[in-house]
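Below is one structure, written out as structure tokens; comments come after it.
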Amino acid sequence: MMPMDFRTFTAAKDDSGRRLDKVAGRIFEAHGISKGIFPLIRKGLVKVNGKKSSGEYRVCEGDSIQVAAFLFEEQREIPQEENRNFPFTLEEITVFRNQHLLIVNKPSGINVQPSKDSEFCLCDLIEDDFKKNGGKSISFRPGPLHRIDRYTSGLVAFSQSLEGAKWFTENIENHTIGKEYLGVAQGEYKKKEELYEDLIFVPETSENAYGTVIVGKDSGKKAVTKARFLEKMEIQRNLCSLVSFTIETGRKHQIRAQSASHGHPLLGDVAYGGKELKNKMFFLHAYRLTFPQNPLGLPEEITAKCPFLQ
């Protein structure tokens, strides 16, 4: 019997610690192989360093992942994507980038992730960049580490390494990464600072197209926002206030919903009672991220220019 041919893939640093079935799944996905992974591993058609293994095996950097060559001959055809035309380049919106993290200044009106009502999102742009300049990892793919609304502009962080993803996610959950927003709210503030502590409930379905949340419902989750009045402004003949919002939690529509609930809807945010503007937008910008001491080469803070203050 002739020896079986295998194609070899070398595990990189960002593959280390991941299960073999997950790493092999990425290989199959990238090459259009639709067969089940676990039976192939059990039969020895997917090996590690030339030996049979189990799907639960944790891959190490430098491991050779061998996949039977005949599987690639039976692969399904993957439609080739046409060159996509993006409304801006990644370089134009990049604020910070190193081998661990990419932080961009997202324009208003752009989704972070895919949606049914939009042909383009930031993930498309980052994925396109990764494919052109991609790392050596078999299984790692860059992704957003937090999200902001489509019509909110400002800072969004994407992973560029597994180390970066783990550190950022852990520090977001521990609230050691600070997030400050600038917004334009309706109404006059009686105090220089206001602290909002509410319960926010996110319905599974919404009766309107805005997908709004409910503030004050007992079954909601705690949301904490500090609002600091900065100055009065006039936009499209509307007198309003420029406000700094600092959030301690990250609930859906947190700033928009809480600000409106406390008498200050964002100008233009009709979903939460704001006055409708001609350009159908509201004014909220993720202005600043602050970081604790870290091993990733991040500075103490990163800021992004605010489009409605230029």
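Scored by the side chain to side chain contact (heavy atoms under 4.5 Å, CB included) test, Glu193 finds Lys226, Arg228 as partners (sequence neighbours excluded). Thr290 pairs by the side chain to side chain donor-acceptor pair (under 3.5 Å) definition with nothing, not counting sequence neighbours. In this structure Asp21 satisfies the salt bridge (Lys or Arg N to Asp or Glu O under 4.0 Å) test together with Arg19, sequence neighbours excluded. Judged as a side chain to side chain donor-acceptor pair (under 3.5 Å), and not counting sequence neighbours, Gln236 has no contacts. In this view, Tyr196 and His262 satisfy the ring-ring contact (aromatic ring centres under 6.0 Å, His included) rule, not counting sequence neighbours. In this structure Phe168 satisfies the ring-ring contact (aromatic ring centres under 6.0 Å, His included) test together with His146, sequence neighbours excluded. In this structure Glu170 satisfies the salt bridge (Lys or Arg N to Asp or Glu O under 4.0 Å) test with no other residue, sequence neighbours excluded. Here Phe120 pairs with Phe86, Phe88 under the ring-ring contact (aromatic ring centres under 6.0 Å, His included) rule; sequence neighbours left out. Lys217 is linked by a side chain to side chain contact (heavy atoms under 4.5 Å, CB included) to Phe201, Ile214, Ser219, counting only residues two or more places apart in sequence or in another chain.
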Atom pairs and distances, donor-acceptor, side-chain atoms in residues 94-115, under 3.5 Å, two or more places apart:
residue: Thr94; atom: OG1; partner: Leu90; partner atom: O; Å: 2.6
residue: Arg97; atom: NE; partner: Gln160; partner atom: OE1; Å: 3.4
residue: Arg97; atom: NH2; partner: Asp129; partner atom: OD2; Å: 2.5
residue: Arg97; atom: NH2; partner: Gln160; partner atom: OE1; Å: 3.1
residue: Asn98; atom: OD1; partner: His100; partner atom: N; Å: 2.8
residue: Asn98; atom: OD1; partner: Leu101; partner atom: N; Å: 3.0
residue: Asn98; atom: ND2; partner: Leu296; partner atom: O; Å: 2.7
residue: His100; atom: ND1; partner: Ser161; partner atom: OG; Å: 2.8
residue: Asn105; atom: ND2; partner: Lys305; partner atom: O; Å: 3.4
residue: Lys106; atom: NZ; partner: Ile110; partner atom: O; Å: 2.7
residue: Lys106; atom: NZ; partner: Asp149; partner atom: O; Å: 3.3
residue: Lys106; atom: NZ; partner: Arg150; partner atom: O; Å: 2.9
residue: Lys106; atom: NZ; partner: Thr152; partner atom: O; Å: 2.8
residue: Ser108; atom: OG; partner: Tyr151; partner atom: O; Å: 3.2
residue: Asn111; atom: ND2; partner: Ser115; partner atom: OG; Å: 2.7
residue: Gln113; atom: OE1; partner: Arg147; partner atom: NH1; Å: 3.1
residue: Ser115; atom: OG; partner: Asp117; partner atom: OD1; Å: 2.6

Cut-off 3.5 Å, no hydrogens considered: what does the side-chain donor-acceptor table look like for residues 38-52, sequence neighbours left out?
residue: Asn49; atom: OD1; partner: Ser64; partner atom: N; Å: 2.8
residue: Asn49; atom: ND2; partner: Asp63; partner atom: OD1; Å: 3.0
residue: Lys52; atom: NZ; partner: Arg42; partner atom: O; Å: 3.0

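Screening residues 269-309 for ring pair (Phe, Tyr, Trp, His ring centres under 6.0 Å), with sequence neighbours left out, gives His253-Tyr272, Phe283-Phe308.
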